[in-house]
Trainee: 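First the structure, then my questions, so here it is.
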Amino acid sequence: ALAGLRQQLEKEKSDLLRLIIDELHNHIYLKSPYCERKMGVEGEDDVDGTGVGTAAGISADDGALGQKTPARGTDAAGRKKAKGLRKAKRVLDDGDQNNPEADSFSYVEMLIESLVALDNTNEAMQEIKSSINLELARLIDGVINEVEERNKALIVKSKVSDQQDDVLAQDTEHEVLFDFTRILFARLETVLEYHDYVLDVVRSLDRRERYSLSPTANASHDRSRRARPYTIGDVWDAIRAEILALLKDYLIPADARTLGAIDVAQGIGAKPGIRDLFHMERIGDVSDAAESLYSQIDSQFQDLTVSVSGKKRNTGTPAVIDEYADHQHNMRHKLLVEPNIEHAPVMLNTALAFTKRVAPLLGSVAHGSPSAILPSVGRSMVGEMISSTPTSPNSALSPGSEPGADEYLQVFFKKAFLPRAEARAMQLFDSVTSASDAFDVDLNTYFNGRPIFRSAAAIVPLLHSFGHLLNDLHSFRGENWGILLQLSTKYYEKCWELFRDTIRSPENQVYTSAKWSETPDLLQLFNQKLKLANLRARSGDQGGDVDKEIRLEEGLKTERSLHLSELIFDVKRLVCAAQLHQTLEWLLMQLDKVAADRAKMLSGYDGATSTALLKRHEADKAKVVSRYHALSVQCLMTLRIEVRAHCTYYLDLATREGSYKLDSDAVEPDQYIQALNADISTIEEKMESCLPADRLNLIFGGISVLMAHILIVNTRYIRHFNDAGNRKM
């Protein structure tokens with residue numbers, strides 16, 4: 001009879017324990033209707049006047065520029081403030097004295113006291129700890145379903161708009177994501193608050209004399225039975241893993257994640273193009289058990305385990321992660337919108353603001369480098385990122401600042417988001433520049449009344465788009481400007497390849513005008529003319545430098561006649577050089593706008609940081625601008641030298657081979673003079689459609705002085721001369 005009674009009581013105790021744990025889960029994870037005020041509903045107000053919903057609904061400007069994560073010295077004050085607010089909430093929430101569950105925090109404390117009375121605190125704490133991942137996943141799924149139901153019309157609208165208007169679809173998706181992140185992070189913050197309260201109650205009850213579990217004389221037995229709760233760090237690790245998984249799902253498309261996994265596999269010696277079915281990861285849950293096993297070996301076989309004891313600290317329990325198992329896919333949450341890097345400002349900034357809000361609650365757990373994500377999340381790529389070395393101090397917003405609670409987001413931004421954004425930018429760049437009409441003129445985009453290349457018209461919106469995207473993520477450390485620099489540099493390389501092909505003959509010989517344009521003295525002289533043209537809107541060809549230019553060209557010609565193969569007679573090549581110059585000038589203006597937006601954002605940091613970042617920014621900008629400007633000047637200078645070379649070529653032939661001893665007056669000019677007029681007229685006609693008037697003056701200005709000089713100098717080559725020949729001249 002006693003055995004049966006004991007069995008029945010044990011069963012009732014087990015059922016009661018399960019019921020208490022379920023009730024704790026209902027309140028910790030906001031399943032109970034009495035937790036509604038702590039679910040981040042928009043418009044709710046806390047005691048201090050700041051609503052949870054308002055705190056969750058942050059913008060990209062929250063977390064002001066230069067703001068640092070609270071230092072370790074402020075953790076105690078932050079936790080004290082959080083507990084004070086929690087006690088105040090308990091008073092506000094006490095709306096029904098007859099229902100103990102109405103005061104949620106008081107009810108949780110009552111449940112924990114019941115666990116202590118049942119002497120099952122350890123079992124309950126372990127059950128709560130083991131259920132953290134599953135309960136968080138259910139919480140997130142519930143938020144997703146709620147947001148999907150409330151924004152069903154917007155989600156349908158985004159899918160329809162995606163086929164018609166990309167901008168409208170993107171705005172709609174951002175609105176849905178903003179609603180999702182606002183509610184999600186508010187509820188995760190409340191979950192953390194509940195867990196912190198549970199741990200506080202357990203520690204408090206452990207210290208109370210009336211709940212001592214054994215006499216003082218049996219101290220060792222007391223320590224063995226004392227409650228060993230989980231830590232707030234366990235909860236934070238699980239929340240952090242879920243946040244990273246959501247960021248990866250919404251910011252990095254599935255094809256990019258697959259490629260990333262293959263790249264990692266190739267990096268450790270796998271065959272190219274083959275993805276491993278399994279990979280090994282370390283887990284920290286059973287490290288204590290492994291440590292105790294090694295301790296037993298050390299005590300019994302000390303002489304045999306000298307080498308093992310030195311390695312045991314680095315030995316973790318391996319876990320085999322099946323990349324293709326069904327449970328890995330089941331743990332992925334439903335996506336409200338399609339993955340896109342354009343969602344980064346909404347997702348990353350809200351996650352960063354949430355992390356900074358909960359940092360005081362986490363205390364010292366929030367600081368230091370992030371630990372590895374639990375393998376059960378099934379996010380191998382995220383696990384690789386989060387366990388990597390923290391970013392170097394050189395990349396920090398505040399030099400010398402130590403890693404904070406947001407370090408896991410900083411690592412994700414640097415290790416996962418930036419490479420993906422860069423890959424996406426390069427993909428769009430290649431699709432633009434590899435088109436067959438990439439370097440044809442775009443009749444819809446003009447600069448100074450002249451069209452520019454299609455590829456440039458497409459690249460500039462890409463630069464502005466990524467510039468705005470990265471500027472919105474100003475709170476994250478990394479080479480944000482690097483993507484724009486890489487795009488600018490690669491397009492410069494494309495322009496240089498086009499110019500190189502333009503100035504080379506079919507026999508792969510560089511034309512004379514391109515060779516002469518690299519002469520330092522001529523380049524210096526031309527830069528002076530260009531400066532005068534920009535300042536005074538005139539060519540500046542009149543003056544003493546005209547003779548200097550002629551002497552330099554004669555020195556390069558070296559008392560010889562130019563050959564036909566040295567000149568560019570294909571007008572299409574000259575037009576291409578003119579259009580390239582016009583495009584480069586337009587790009588310089590657009591790059592200046594992008595750089596100005598970046599500089600404006602950097603100037604918002606604190607004094608020393610802003611100065612350092614602006615100095616580096618100006619250096620990077622100057623390097624890119626100087627390359628574009630140099631190529632633009634070389635295009636214009638090549639055109640000017642080419643026109644002058646044509647004059648020299650035809651006039652040289654006219655004086656060397658022309659006849660100026662005639663029996664009667666010539667009816668028409670020399671044939672070479674006619675060819676020169678036709679040639680120059682054709683070039684001028686084509687250039688007028690490509691270049692503005694001030695650039696035309698730079699190309700054609702001063703050729704009358706050059707012609708007079710050549711005719712005078714070349715009179716020595718005229719063998720016979722009479723009155724009729726004089727009139728012909």
Trainee: Report the C-alpha separation of Glu684 and Leu696 in whole Å, then their side-chain angles, then the decisive distance to 0.1 Å, and conclude whether the side chain to side chain contact (heavy atoms under 4.5 Å, CB included) test is met.
Mentor: CA-CA 8 Å; Glu684 184 178 18; Leu696 289 176; 5.5 Å; no
Trainee: Do the non-hydrogen side-chain atoms of Lys572 and Lys686 ever get within less than 4.5 Å of each other?
Mentor: no
Trainee: Do NZ/NE/NH1/NH2 and the carboxylate oxygens of Glu493 and Arg500 come within less than 4.0 Å?
Mentor: no
Trainee: Looking at every heavy atom in both Leu706 and Cys647, which two are closest together, and how far apart are they?
Mentor: CD2-CB, 4.3 Å
Trainee: Between Ser517 (side chain only) and Ala514 (backbone N and O only), is there a donor and an acceptor less than 3.5 Å apart?
Mentor: yes
Trainee: Please walk me through it: do Gln582 and Cys690 pass side chain to side chain contact (heavy atoms under 4.5 Å, CB included)?
Mentor: CA-CA 7 Å; Gln582 185 72 359; Cys690 303; over 6 Å; no
Trainee: Does any part of the side chain of Thr583, heavy atoms only, come nearer than 4.5 Å to the side chain of Phe447, both counted from C-beta?
Mentor: no
Trainee: Mark yes or no for whether Tyr491, through its side chain, and Ala456, through its backbone, hold a donor-acceptor pair below 3.5 Å.
Mentor: yes
Trainee: With salt bridge (charged side-chain N to carboxylate O under 4.0 Å, His left out) as the test, pick out the partner of Glu566 among Arg560, Lys515, Lys557.
Mentor: Arg560
Trainee: When you compare the side chains of His709 and Glu554, does any donor N or O come within less than 3.5 Å of an acceptor on the partner?
Mentor: yes
Trainee: Taking it one step at a time, do Ile341 and Phe466 satisfy side chain to side chain contact (heavy atoms under 4.5 Å, CB included)?
Mentor: CA-CA 10 Å; Ile341 62 172; Phe466 276 91; 3.7 Å; yes
Trainee: Do the non-hydrogen side-chain atoms of Arg627 and Thr489 ever get within less than 4.5 Å of each other?
Mentor: yes
Trainee: For Asn349 and Asp472: C-alpha separation, side-chain torsions, deciding distance, then whether side chain to side chain donor-acceptor pair (under 3.5 Å) applies.
Mentor: CA-CA 8 Å; Asn349 283 329; Asp472 288 339; over 6 Å; no
Trainee: Is any side-chain heavy atom of Thr512 closer than 4.5 Å to one of Leu556?
Mentor: no
Trainee: Taking atom CZ of Arg719 as the centre, report whether more than 12 heavy atoms of other residues, nucleotides or ligands fall under 6.0 Å from it.
Mentor: no
Trainee: Can a donor-acceptor pair be found, under 3.5 Å and without considering hydrogens, that links the side chain of Thr655 to the backbone of Tyr717?
Mentor: no
Trainee: Does a donor on one side chain sit under 3.5 Å from an acceptor on the other, for His617 and Arg598?
Mentor: no
Trainee: To the closest 0.5 Å, what do you measure between CG (Leu247) and CD1 (Ile252)?
Mentor: 8.5 Å
Trainee: Might you work through the salt bridge (Lys or Arg N to Asp or Glu O under 4.0 Å) test for Glu559 and Arg716, ending with a clear yes or no?
Mentor: CA-CA 13 Å; Glu559 295 292 333; Arg716 54 184 170 171; 3.3 Å; yes
Trainee: Taking Ser513 as the fixed residue, which of Arg640, Glu642, Arg644 is the one that meets the side-chain contact (heavy atoms from CB on, under 4.5 Å) rule?
Mentor: Glu642
Trainee: So, taking the atom named OH in Tyr660 and the one named CG in Asp723, what distance separates them when rounded to the nearest 0.5 Å?
Mentor: 15.5 Å
Trainee: Might you point out which heavy atoms bring His563 and Tyr649 nearest each other, and give the distance in Å?
Mentor: C-CE1, 4.3 Å
Trainee: Do Tyr250 and Glu173 have side chains that approach each other closer than 4.5 Å (heavy atoms only, starting at C-beta)?
Mentor: no
Trainee: Under the criterion salt bridge (Lys or Arg N to Asp or Glu O under 4.0 Å), I'd like the reasoning laid out for Arg424 against Glu342: C-alpha separation, chi angles, the key distance, then a yes or no.
Mentor: CA-CA 11 Å; Arg424 177 60 177 164; Glu342 298 293 339; over 6 Å; no
Trainee: Should the pair Glu549-Lys529 be classified as a salt bridge under the 4.0 Å nitrogen-to-oxygen rule?
Mentor: yes
Trainee: May I ask you to test the Tyr446-Ile452 pair for a side-chain heavy-atom distance under 4.5 Å?
Mentor: no
Trainee: Step by step, would you call Asp440 with Arg454 a salt bridge (Lys or Arg N to Asp or Glu O under 4.0 Å)?
Mentor: CA-CA 6 Å; Asp440 293 343; Arg454 290 174 185 257; 5.1 Å; no
Trainee: Are Arg573 and Asp501 close enough, and set up right, to give a salt bridge (Lys or Arg N to Asp or Glu O under 4.0 Å), and what steps lead you there?
Mentor: CA-CA 9 Å; Arg573 292 178 181 269; Asp501 295 339; over 6 Å; no
Trainee: Quick check for you: to the nearest 0.5 Å, what is the distance between Leu587 atom CG and Ile459 atom CD1?
Mentor: 9.0 Å
Trainee: Do the side chains of Leu711 and Met729 get nearer than 4.5 Å, heavy atoms only?
Mentor: yes
Trainee: Would you say the rings of Tyr492 and Tyr628 are close, in the sense that their centroids are separated by under 6.0 Å?
Mentor: yes
Trainee: So how far is it from Phe439 CZ to Cys576 SG, rounded to the nearest 0.5 Å?
Mentor: 8.5 Å
Trainee: Do the ring planes of Phe413 and Phe417 sit parallel (below 30°), tilted (30 to 60°) or perpendicular (above 60°)?
Mentor: parallel
Trainee: Do Asn714 and Asp652 get their side chains close enough for a donor-acceptor pair, meaning under 3.5 Å?
Mentor: yes
Trainee: Looking at every heavy atom in both Ala458 and Val432, which two are closest together, and how far apart are they?
Mentor: CB-CG1, 3.7 Å
Trainee: Taking all atoms of both residues into account, what is the closest heavy-atom pair of Leu602 and Ser610, and its distance?
Mentor: O-OG, 3.2 Å
Trainee: Would you say the side chains of Thr682 and Asp679 form a donor-acceptor pair under 3.5 Å?
Mentor: no
Trainee: With rounding to the nearest 0.5 angstrom, report the CG to CD1 distance, Leu639 to Ile683.
Mentor: 9.0 Å
Trainee: So that I can tick it off, tell me whether Asp521 and Lys548 are bridged by a salt bridge, with the cut-off set at under 4.0 angstrom between side-chain N and carboxylate O.
Mentor: no
Trainee: For a ring-ring contact (aromatic ring centres under 6.0 Å, His included) with His646, tell me which candidate from Tyr511, Phe569, Phe700, Tyr672 qualifies.
Mentor: Phe569
Trainee: Can you name the closest pair of heavy atoms from Asn340 and Leu251 and give their distance?
Mentor: O-CD2, 3.7 Å
Trainee: So, do Thr638 and Leu574 sit near enough that their side-chain heavy atoms are less than 4.5 Å apart?
Mentor: no
Trainee: Less than 3.5 Å apart, any donor N or O on the side chain of Ser689 or Arg450 sitting next to an acceptor on the other?
Mentor: no
Trainee: Donor-acceptor check, side chain of Asn471 to backbone of Gly467, threshold 3.5 angstrom: yes or no?
Mentor: yes
Trainee: Has the side chain of Thr519 got a donor or acceptor atom that lies under 3.5 Å from a matching backbone atom of Trp516?
Mentor: yes
Trainee: Can you measure from OG1 (Thr609) to CG (Leu614) and round to the nearest 0.5 angstrom?
Mentor: 10.5 Å
Trainee: Would you call Lys728 and Asp670 a salt bridge, taking side-chain N to carboxylate O under 4.0 Å as the test?
Mentor: yes
Trainee: Any donor and acceptor pair, going by atom type alone, linking the side chain of Ser681 with main-chain N or O of Ala678 inside 3.5 Å?
Mentor: no
Trainee: Of all heavy-atom pairs between Leu487 and Ala425, which one has the smallest distance, and what is that distance?
Mentor: CD2-O, 3.8 Å
Trainee: Under the side chain to side chain contact (heavy atoms under 4.5 Å, CB included) criterion, do Val633 and His581 qualify, and how do the steps go?
Mentor: CA-CA 7 Å; Val633 170; His581 165 78; over 6 Å; no
